[in-house]
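Everything below concerns the one structure shown next.
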Amino acid sequence: MSKTNSGLVTYAKAQIGLPYWYGTFGQTASESLYTAKKKQYPSYYTASDFSSQYGKRVHDCVGLIKGYLWSSSTTATLTYTASQDVPASGMYSKATTKGGISSFPMKAGQLVFKSSSSSSSGIHHVGVFGGDGYVYEAKGHAYGVVKTVYAAKDWQYWAQCPWCTDNTASTFSTSTTSSTSTTSRTAIAAAKSKDSSLAGTYKVTASQLNMRNGAGTIYSIMTTLSKNTKVKNYGYYTEVSGVKWLYVQVTVNSVTYMGFCSEKYLTKV
């Protein structure tokens, strides 16, 4: 089963509120699992609430990514893959697309890392960037799996997961002009295809054009664009009934939107 950035985000979001158990990757918490992990990592199993978490799906930070890689759904039983059983630092070292956080393209489903040193050799924690201004991470036993606001000063490195296909576009901007921040709103659905020839600037040809949360009129409206409004596309789209719905970016009233518009009402400029 092909693994993708958008699938990783969906999986990570589904785990919010579930417990963090060190050394786990999506197993169901039980007395036998607790006993085994306490013997293996005694310093991480000193809290008194483990028994109250039996029956729940559990992960540690890198286990959140492994749980997705080794499962067919957000709740499925795992199929262990030894070649992918690496720590957070190993996840980074195996990645071929990566870098310091200043070069982060901010694509949904890419990984962000924290290091205890000034080099990537000290990487000890990993989270999943959601493309919505948040990171989804198994933060620690006191927190569980949580949604935290992305802040570049806290994350030092980023990488494309070496076992996931990048099927997302840059979807969030933290840039500011003077003291005014740009708010970002991102579609709930991810683009399914990419054609680099589609990339470019388009203008709206209809008197009004709805930008939607996904490809097709079944999705809710994010904003309405007036005629001649210019939008940017980076080659990403989803086809529905023979019509390409382009995944585009536009800023309206200091809000940056990333959503879908039908190509029928756009022309390239």
Side-chain angles (χ1 to χ4, degrees), residues 4-14 16 74 104-110 128-136 147-152 165-269:
T4 63
N5 282 20
S6 59
L8 176 56
V9 172
T10 297
Y11 181 90
K13 287 182 177 181
I16 291 175
T74 59
F104 183 33
M106 295 185 180
K107 290 185 178 183
Q110 290 188 327
V128 179
F129 182 69
D132 53 0
Y134 294 92
V135 173
Y136 299 85
K147 169 184 175 181
T148 54
V149 176
Y150 171 83
T165 299
D166 175 8
N167 69 334
T168 58
S170 299
T171 55
F172 183 73
S173 174
T174 57
S175 63
T176 59
T177 302
S178 300
S179 59
T180 303
S181 297
T182 298
T183 302
S184 176
R185 296 182 183 175
T186 306
I188 61 174
K192 295 182 179 180
S193 305
K194 183 179 181 181
D195 180 351
S196 297
S197 68
L198 293 174
T201 300
Y202 292 74
K203 69 176 181 180
V204 176
T205 58
S207 58
Q208 288 188 319
L209 177 60
N210 293 327
M211 175 184 281
R212 296 183 179 271
N213 266 304
T217 56
I218 62 171
Y219 286 91
S220 60
I221 297 170
M222 300 176 68
T223 188
T224 300
L225 308 176
S226 58
K227 189 173 183 177
N228 294 323
T229 298
K230 291 182 179 180
V231 300
K232 290 184 179 180
N233 173 264
Y234 298 92
Y236 295 90
Y237 71 97
T238 297
E239 187 168 325
V240 178
S241 301
V243 176
K244 289 185 176 69
W245 286 73
L246 302 185
Y247 191 52
V248 299
Q249 176 179 323
V250 64
T251 299
V252 179
N253 297 326
S254 298
V255 179
T256 297
Y257 294 88
M258 289 293 294
F260 292 84
C261 291
S262 170
E263 68 169 354
K264 292 168 63 177
Y265 306 104
L266 295 170
T267 187
K268 205 168 188 180
V269 297

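Basis for what follows: all heavy atoms, side chains included, without hydrogens, waters or symmetry-related copies. Remember, predicted model here, so these are calculated numbers, not experimental data.
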Show me the side-chain donor-acceptor pairs of residues 259-269 shorter than 3.5 Å, one per line, residues at least two apart or across chains.
from, atom 1, to, atom 2, distance (Å)
S262, OG, K264, N, 3.2
K268, NZ, S197, O, 2.8
K268, NZ, A199, O, 2.9

Residue pair Y150, F104: steps toward the side chain to side chain contact (heavy atoms under 4.5 Å, CB included) verdict: CA-CA 12 Å; Y150 171 83; F104 183 33; 3.5 Å; yes
Criterion side chain to side chain contact (heavy atoms under 4.5 Å, CB included) on V250 and V248, from CA distance to verdict: CA-CA 7 Å; V250 64; V248 299; 5.8 Å; no
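For S193, the side-chain hydrogen bond (donor to acceptor under 3.5 Å, both in side chains) test picks out no residue, with sequence neighbours left out. Residues passing the side-chain hydrogen bond (donor to acceptor under 3.5 Å, both in side chains) test with T205: none are found, sequence neighbours excluded. Shown here are the side-chain contact (heavy atoms from CB on, under 4.5 Å) partners of E239, two or more places apart in sequence or in another chain: Y237, K244. Judged as a side-chain hydrogen bond (donor to acceptor under 3.5 Å, both in side chains), and not counting sequence neighbours, S207 has no contacts. Shown here are the salt bridge (charged side-chain N to carboxylate O under 4.0 Å, His left out) partners of K203, two or more places apart in sequence or in another chain: there are none. For S220, the side-chain contact (heavy atoms from CB on, under 4.5 Å) criterion is met by N213, not counting sequence neighbours. Partners of S6 by side-chain hydrogen bond (donor to acceptor under 3.5 Å, both in side chains), not counting sequence neighbours, listed by chain and number: T4, N167.
At least one donor-acceptor pair under 3.5 Å links the side chain of D166 to the backbone N or O of T168. In this structure a side-chain-to-backbone donor-acceptor pair under 3.5 Å is missing from Y247 to T238. Not one N or O on the side chain of N233 forms a donor-acceptor pair closer than 3.5 Å with the backbone of G200.
Looking at every heavy atom in both residues, T74 comes nearest to A14 through CG2-CB, 3.6 Å. Across all their heavy atoms, M222 and Y257 have their closest contact at O-CE2, 3.8 Å. Contact between Y219 and R212 at its shortest, heavy atoms only, is O-NH1, 2.6 Å. Among all heavy-atom pairs drawn from A12 and Y136, the shortest one is CB-CB, 3.9 Å.
Within the structure, every pair that satisfies the salt bridge (Lys or Arg N to Asp or Glu O under 4.0 Å) test and touches residues 4-14, not counting sequence neighbours, is listed here: K13-D132.
Here the straight-line distance linking atom OH of Y234 with atom NZ of K107 works out to 11.0 Å at 0.5 Å rounding. Taken from CD1 in I221 to CE in M211, the straight-line distance is 12.0 Å, to the nearest 0.5 Å. Between the OG1 atom in T223 and the CG atom in N253 there is a gap of 8.0 Å [rounded to 0.5 Å]. Note: M258 CE to T251 OG1 = 10.0 Å, rounded to the nearest 0.5 Å.
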